[in-house]
Amino acid sequence: MKLLIARPMTAAVEARARAEFDVEIRSSTLPMSPDEMRRALAEFDVVVPTLGDQFSATIFSEVPQPRCKLLANFGVGYNHIDVAAAQTAGIHVTNTPGAVTDATADIAMILLLSTARRAGEGERLVRSGNWQGWHPTQMLGHHVTGKRVGVVGMGRIGQAIAWRCHFGFGMDVAYQSRTPKEVEFPAENIPDLKELAAAVDFLVLAVPGGAQTRHLINAPVLEAMKPTGILINIARGEVVDESSLIAALQSGQIAGAGLDVYEFEPTVPQALRDMENVTILPHLGTATEEVRTDMGHIALDNVAAFVAGRSLPNPV
Ligand SMILES: NC(=O)c1ccc[n+]([C@@H]2O[C@H](COP(=O)([O-])OP(=O)(O)OC[C@H]3O[C@@H](n4cnc5c(N)ncnc54)[C@H](O)[C@@H]3O)[C@@H](O)[C@H]2O)c1
Ligand SMILES: O=C(O)[C@H](O)CO
C-alpha cells in the first residue's frame with residue numbers, strides 16, 4: 001500500500017505515517033500541481049490531500065483507471081475535492097471533523113473581538129511609534145457584551161462560536177438553520193438570511209464551502225446588515241462575494257469585517273489590506289501544534305481503517 005501525504009506535517013504525524021505505512025511525504029508547502037495530482041491518482045493507493053489541492057472532475061477524468069482508492073483529506077472542509085467525481089472514479093473521500101472545532105471557534109472570537117475593539121489598528125498604532133497616549137475618546141470601538149451574534153452554519157464550529165459568545169461574552173445568540181438546533185443556551189433560529197443579517201450586530205459564517213454556499217453573502221445580504229454590523233468569516237472565502245464586501249465596507253454600509261479566509265486565497269485584495277476596520281488573518285483557524293497533530297491522526301486513522309478493510313471512520 002503506497003501512501004502520499006501532500007504536505008509536510010507535524011513531527012508526530014510524520015513519525016506515525018513512516019512507522020505504519022510505505023509513505024512519500026511531499027516537501028513542498030504549496031498546493032499540488034495538476035501533474036502531481038494525476039501522478040498521485042495513478043501511482044498511490046491512498047493520498048492525504050489538503051486545502052488548495054484542487055481535485056476537480058477534470059483531474060479525475062484524466063486518470064481513467066486510478067490506483068488511488070482513498071483521498072483521506074487533511075481538514076474538515078473538502079470543497080477543493082469534487083466528491084461526486086471522486087466517487088464516480090471509485091475513490092472514497094474522508095475528512096477530519098471535530099478536531100478542528102474549538103481552535104476554529106477561537107479564531108472566530110479573535111476576529112470578532114479584534115474587529116469590534118480595533119485591536120489590529122491599535123497594535124499598528126503602537127508599533128508605528130505614533131501613539132500619543134490614552135484619552136477618553138481615543139480609538140472607541142464597539143462594545144461586545146449584550147450585543148447579538150448571528151451564526152450562519154450552526155454545525156460543530158458554529159455552535160462552538162455561539163457557546164463562546166453566550167457563556168464567555170454575555171451575547172445574545174441567533175442563527176440560521178432549516179431546522180432548530182438543540183443547544184444548552186437561549187438561541188433564536190431566524191431561517192431567513194436577510195432577516196438574520198438585519199437582526200444582529202455580528203454576522204458569523206461557519207458553513208461549508210462549495211457550489212451550494214458560493215456567494216451566500218452577497219450585496220443584498222450585506223445591504224440588510226446594520227451600518228454598525230460586523231461580518232466575520234472563518235468558513236471559506238467563496239461564501240462571500242468579496243467585491244460586494246469591499247464595496248459595503250468602503251461605502252460604510254457595514255462597520256467592519258474579520259476574515260480568516262478569502263475568495264481567491266492566498267490573494268487578499270489590496271482594498272481589504274488598506275482598510276483599518278478589517279481584521280485579516282492568514283487562514284489560521286486550526287493552526288496549533290495540537291490540532292494539526294490531531295487532524296493528522298484522524299486522517300491516518302482513516303488510512304489505517306482502509307488498509308485493514310474496516311469501515312472508514314469519517315466518510316464524506
Ligand atoms: N478557517 C479555518 O481554518 C477553518 C477550519 C475548520 C473549518 N473551516 C470551515 O468551516 C466549515 C464548517 O465546519 P464544521 O465542522 O462546523 O462543519 P459542520 O458540517 O458541522 O457544520 C456546517 C453547518 O452548516 C450548515 N449549512 C450547510 N449549508 C448551509 C446553508 N446554505 N445555510 C445555512 N447553513 C448551512 C450545515 O447544516 C451544518 O450545520 C468547514 O466546512 C470548513 O469549510 C474553516
Ligand atoms: O477545513 C479545515 O479543516 C481548515 O480550513 C483547514 O484546517
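In each ligand, atom 1 is the first atom listed, and ligand 1 is the first ligand listed. Numbering starts at 1 and runs along the sequence shown.
For the pairing with Asn314, the side-chain hydrogen bond (donor to acceptor under 3.5 Å, both in side chains) check across Asn302, Thr96, Asn95 returns one residue only, Asn302.
Using a cutoff of 4.0 Å between basic side-chain nitrogens and carboxylate oxygens, Arg164 and Asp106 are scored as salt-bridged. Ion pairing of Arg39 with Glu24 is present here, as a side-chain N (NZ or NE/NH1/NH2) and a carboxylate O approach within less than 4.0 Å. With respect to Asp45 and Arg67, a salt bridge is recorded, a charged nitrogen being found less than 4.0 Å from a carboxylate O. Glu223 and Lys194 are not joined by a salt bridge, as no carboxylate oxygen comes within less than 4.0 angstrom of a charged side-chain nitrogen.
Any N or O atom pair closer than 3.5 Å counts here, and Gly77 shares at least one such pair with ligand 2. Ligand 2 has a nitrogen or oxygen under 3.5 angstrom from a nitrogen or oxygen of Thr286.
Counting the atoms of ligand 2 from 1 in the order shown, those under 4.0 Å from a heavy atom of Arg236 are 1 (O), 2 (C), 4 (C), 5 (O). Heavy-atom proximity to Lys181, at under 4.0 Å, picks out these atoms of ligand 1: 39 (O). Taking every non-hydrogen atom of Thr104 and a distance limit under 4.0 Å, the qualifying atoms of ligand 1 come out as 2 (C), 4 (C), 5 (C), 6 (C). When each atom of ligand 1 is checked for a heavy atom of His283 under 4.0 Å away, the hits are 1 (N), 2 (C), 3 (O). Heavy-atom proximity to His283, at under 4.0 Å, picks out these atoms of ligand 2: 4 (C), 5 (O). Close contacts between ligand 1 and Met154 involve ligand atoms 39 (O) [criterion: under 4.0 Å to a heavy atom].
Atom 3 (O) of ligand 2 has as its closest protein heavy atom Val76 N, 2.8 Å. At the top of the distance list for atom 32 (N) of ligand 1, counting protein heavy atoms only, stands Gln176 OE1, 3.5 Å. With respect to atom 21 (O) of ligand 1, the closest heavy atom belonging to the protein is Gly155 CA, 3.3 Å.
Of the N and O atoms on the side chains of Glu238 and His215, not one donor lies less than 3.5 Å from an acceptor on the other residue.
Taking each of Val100, Ile161, Ile157 in turn, the one with a heavy atom nearest to atom 13 (O) of ligand 1 proves to be Ile157.
Between the Arg236 side chain and the Asn79 main chain, no donor and acceptor come within less than 3.5 Å of each other.
Contact of the Arg38 side chain with the Pro34 side chain is registered, since non-hydrogen atoms from C-beta on lie closer than 4.5 Å.
Contacts between Ala206 and ligand 1 below 4.0 angstrom, taking non-hydrogen atoms only, involve the backbone exclusively. Contacts of Thr286 with ligand 1, taken as heavy-atom pairs under 4.0 Å, involve both backbone and side chain. When heavy-atom distances to ligand 1 are checked against a 4.0 Å cut-off, Pro208 comes that close through both its backbone and its side chain. The proximity of Val76 to ligand 1, defined as any non-hydrogen pair under 4.0 Å, is limited to the side chain. In Gln212, neither the side chain nor the backbone holds a heavy atom less than 4.0 Å from any atom of ligand 1. Looking at Arg236 against ligand 1, only its side chain comes within 4.0 Å, counting heavy atoms.
There is no protein heavy atom less than 4.0 angstrom from atom 36 (C) of ligand 1.
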